[in-house]
Each structure stands twice: as C-alpha cells, then as structure tokens.
Protein chains: 2
Amino acid sequence: MKKITIGEASRESGVKVPTIRYYESIGLLPEPNRSEGNQRSYEPADLRRLTFIRHARELGFEVEAIRTLLTLQDDPNQSCASADAIAKARLIEVEQRIRSLMALKAELELMVEGCGHGRVDQCRVIEVLADHGQCGHAHH
Amino acid sequence: MKKITIGEASRESGVKVPTIRYYESIGLLPEPNRSEGNQRSYEPADLRRLTFIRHARELGFEVEAIRTLLTLQDDPNQSCASADAIAKARLIEVEQRIRSLMALKAELELMVEGCGHGRVDQCRVIEVLADHGQCGHAHH
DNA sequence: TCTTGCACCTCTAGTCACTAGAGGATGTAG
DNA sequence: CTACATCCTCTAGTGACTAGAGGTGCAAGA
C-alpha cells in the first residue's frame, strides 16, 4: 500500500496542512497511522473525508454541523432527516444573507456614486454610514 | 446636561453593552466622562459614533476600516478619496459574495430537493458534499 | 557517504470581534 | 431601608484557524 503524506493529502484535498492537523485535533478526522519516523500516513478514505469537509466548509457549514453530517455518512443505514434539516437551515440562512447583501450593495453603490471626490463633509460614504435613517436597515 | 448611561447608549445605538466597552478598549470610541460612582456617562455625539460603527459593522466593514472612516469623519476637512476607496473595495467584495452565495443557494436547493426522505445512502445532501465533481466549485 | 534542503513533527500563542462569567459597587423605586 | 436592576473591572472562552519556534525525517545530488 502506498503511503500518502500530509502534504499530498493537502494537495489532493485542498485543505492546508496545519488545518488537517487541526481537524485531527478536534476529532473531525481520525488519527492516521504513522510511519517509522512518526509521520502521518493517510489512506484514500481520509482524502475523501477531507474533501467532504472542505466542500462543506466552503458551503458555510459549521464544524459541528459537519460533524453531524459525517456521523450520518459513517452509518448510512439511517434516515437522512437530520442531514436534510441541516441543509434546509443553511438554505434559509443563505437566502437571508443574500437579501441583506443586495441591500448593502445598493447602499454602497449610492455611496460611491455620490462621492464627488471633494472633501469629506460632502462625501456620501461617511454620510450614509453616519445617518442610519438613510438606508433600509431595521433598527434592531 | 442629561447623563446617558451605557445601558441607554446600548438601547439607542443597538450596540450591546459589553461591545461598547470593547470598542472603548480598542480605541474606537473615546473614553467617556464618569459619574461620581465611576459609571460611564455618554453624550449625543457618542451615540452617533456608536450608530455609525454598528451600521458599518452590519455592512461588513472591518474594525480597521471603520477606524479609518472615523478618523476621516473626525477631520472632515480632507479628501474623501480614502473613504471612497474603502467603499469601492467593499462593493467589489460584496458583489463577489453575492455571486458565490447564489451558487451556494442553487446547490443547497438541489440537495434539499433531492433528499427523498429515505435513508442516508440515497440522500443528496451527503452525496453532493462527498462528491466534489457534482458541483461547480473549482478545485483550488 | 555526506550533506543540502524541504517536508514533517509538537507545542504555544496569536488572530478577529466579540461573549460569558466572577465578584463586587452603584443607583433607583417602593 | 431594602430590593434589585444596572453598572464596574477583570479574566478567560469562542470558532476556525494561522504563525512561529525549535527540532526530526527523508530523498536526491555531489
């Protein structure tokens, strides 16, 4: 069997070397076998797990959510209701974020547009930020 | 002159009490006067500054960017080019974020849709996360 | 065989922007 | 006067890494 070093695992999975060690330390990735010289030696299953983790992180899932997804994956003989719920919650979050980013985009465009490249006291960037009433944000 | 307590300042500005103290500690908010009993006493200008900070934070500006914006605001007799540059940089970031969130949203919808509420081994949530090729993300 | 040099090891501490909690002082309403 | 909310300072914790120190392993070229 070929031995996969942590560096190769990093290149294959797209997860940085220290991050791989971090994932191991928090129990997201199992402790791999070690070489004679105490170096980590991974197997293809670890690469798949790392890729799964990276992908889920890119999608904005928190580590705890990923932990749940991984235990589901480890035991595929059960209902996927939890996985479904996690994904649905993320979807709602993402939709909310898109909405507020769109509002923000409009506001930033106003700012940049309004900046006459003069002095600050005529600058919309400052003005819009200072005056809360100028934008659509709720006073939470 | 009426004295504004930190609690009132919090309610008025929407910034939590410990966060106000934190902003003072990092020099984002000036140290206010104190009452006889050593309690902070704010003025209307502080409320405006806090609102400014909160608003900018909501818009995703980092504290360091806000520090720059605040020094600009404190001395309005100068060019607003820096403020303009900061806002422009944020705008580009925000547009990028919206794009990737839209992609993410599509992917999450696929997941949730595909989940037949059966067992995990037929669940798209797990599947899509596990198989990198299923989605549009570049292998960075 | 030796050595160069990169990749690996562990460990601690730092990042950002807060948040939580301990333990005590102050201020206000009844 | 007594509750009781609010305030004070201080330290430590959060999430998800990232950086650096100080040392070891290993493969390839001279």
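The sequence lines fix the lettering, A, B, ..., with proteins before strands; numbering per chain opens at 1. Note that the structure is a prediction, hence the values are computed from the model and not measured.
Between the P atom of D:dG15 and the CD1 atom of A:I66 lies a distance of 13 Å, rounded to the nearest Å. Between B:Q39 atom CD and C:dA25 atom P the separation is 13 Å, expressed in whole Å. One atom, OH of B:Y42, and another, P of D:dC8, lie 7 Å apart when rounded to the nearest Å. Summarising the geometry, the separation between CD1 on A:I20 and P on D:dT18 is reported as 12 Å, rounded to the nearest angstrom. As rounded to whole Å, 17 Å separates atom P of D:dT6 from atom CD1 of B:I4. Between the C1' atom of C:dC8 and the CD atom of A:E36 lies a distance of 16 Å, rounded to the nearest Å. The nearest whole Å value for the distance from the CD atom in A:E24 to the P atom in C:dC8 is 14 Å. Per the geometry, CD belonging to A:E8 stands 13 Å off C1' belonging to D:dC26, to the nearest Å.
Under 4.0 Å is where a charged nitrogen must lie from a carboxylate oxygen, and between B:R99 and B:E95 no such pair does. A salt bridge links B:R40 to B:E24: one of the charged nitrogens lies within less than 4.0 Å of a carboxylate oxygen.
Around the CD atom of B:E8, the shell of radius 6.0 Å holds more than 12 heavy atoms that belong to other residues, nucleotides or ligands. Residue-environment remark: CD (B:Q96) exceeds the threshold of 12 foreign heavy atoms within 6.0 Å.
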Check the interface with nucleotides 16-23 of chain C: list each N/O to N/O pair with the protein under 3.5 Å, or write none.
{"from": "C:dA17", "atom 1": "OP1", "to": "B:V63", "atom 2": "N", "distance (Å)": "3.4"}
{"from": "C:dC18", "atom 1": "OP2", "to": "B:Y23", "atom 2": "OH", "distance (Å)": "2.8"}
{"from": "C:dC18", "atom 1": "OP2", "to": "B:R57", "atom 2": "NE", "distance (Å)": "2.8"}
{"from": "C:dT19", "atom 1": "OP1", "to": "B:K16", "atom 2": "NZ", "distance (Å)": "3.4"}
{"from": "C:dT19", "atom 1": "OP2", "to": "B:T19", "atom 2": "OG1", "distance (Å)": "3.2"}

Under 3.5 Å between N/O atoms: give me all the protein pairs with nucleotides 9-13 of chain D, atom names plus distance.
{"from": "D:dT9", "atom 1": "OP1", "to": "B:R34", "atom 2": "NH1", "distance (Å)": "3.3"}
{"from": "D:dT9", "atom 1": "OP1", "to": "B:R34", "atom 2": "NH2", "distance (Å)": "3.0"}
{"from": "D:dT9", "atom 1": "OP2", "to": "B:R40", "atom 2": "NH1", "distance (Å)": "2.9"}
{"from": "D:dT9", "atom 1": "OP2", "to": "B:R40", "atom 2": "NH2", "distance (Å)": "2.9"}

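Judged by distance alone, the side chain of A:R57 and the main-chain N or O of A:F61 form a donor-acceptor pair under 3.5 Å. Side-chain atoms of A:R54 come within 3.5 Å of backbone N or O of A:S13 as a donor-acceptor pair. With hydrogens and angles disregarded, a donor-acceptor distance shorter than 3.5 Å links the side chain of A:T51 to the backbone of A:L47.
The OG atom of A:S10 sits 10.0 Å away from the OH atom of A:Y42 when rounded to the nearest 0.5 Å.
The side chain to side chain contact (heavy atoms under 4.5 Å, CB included) test applied to B:R67 returns B:I26, B:L28, B:V63, B:E64, not counting sequence neighbours.
Remark: B:S35 is not in phosphate contact with C:dT26, judged by side-chain N or O atoms under 4.0 Å from OP1 or OP2.
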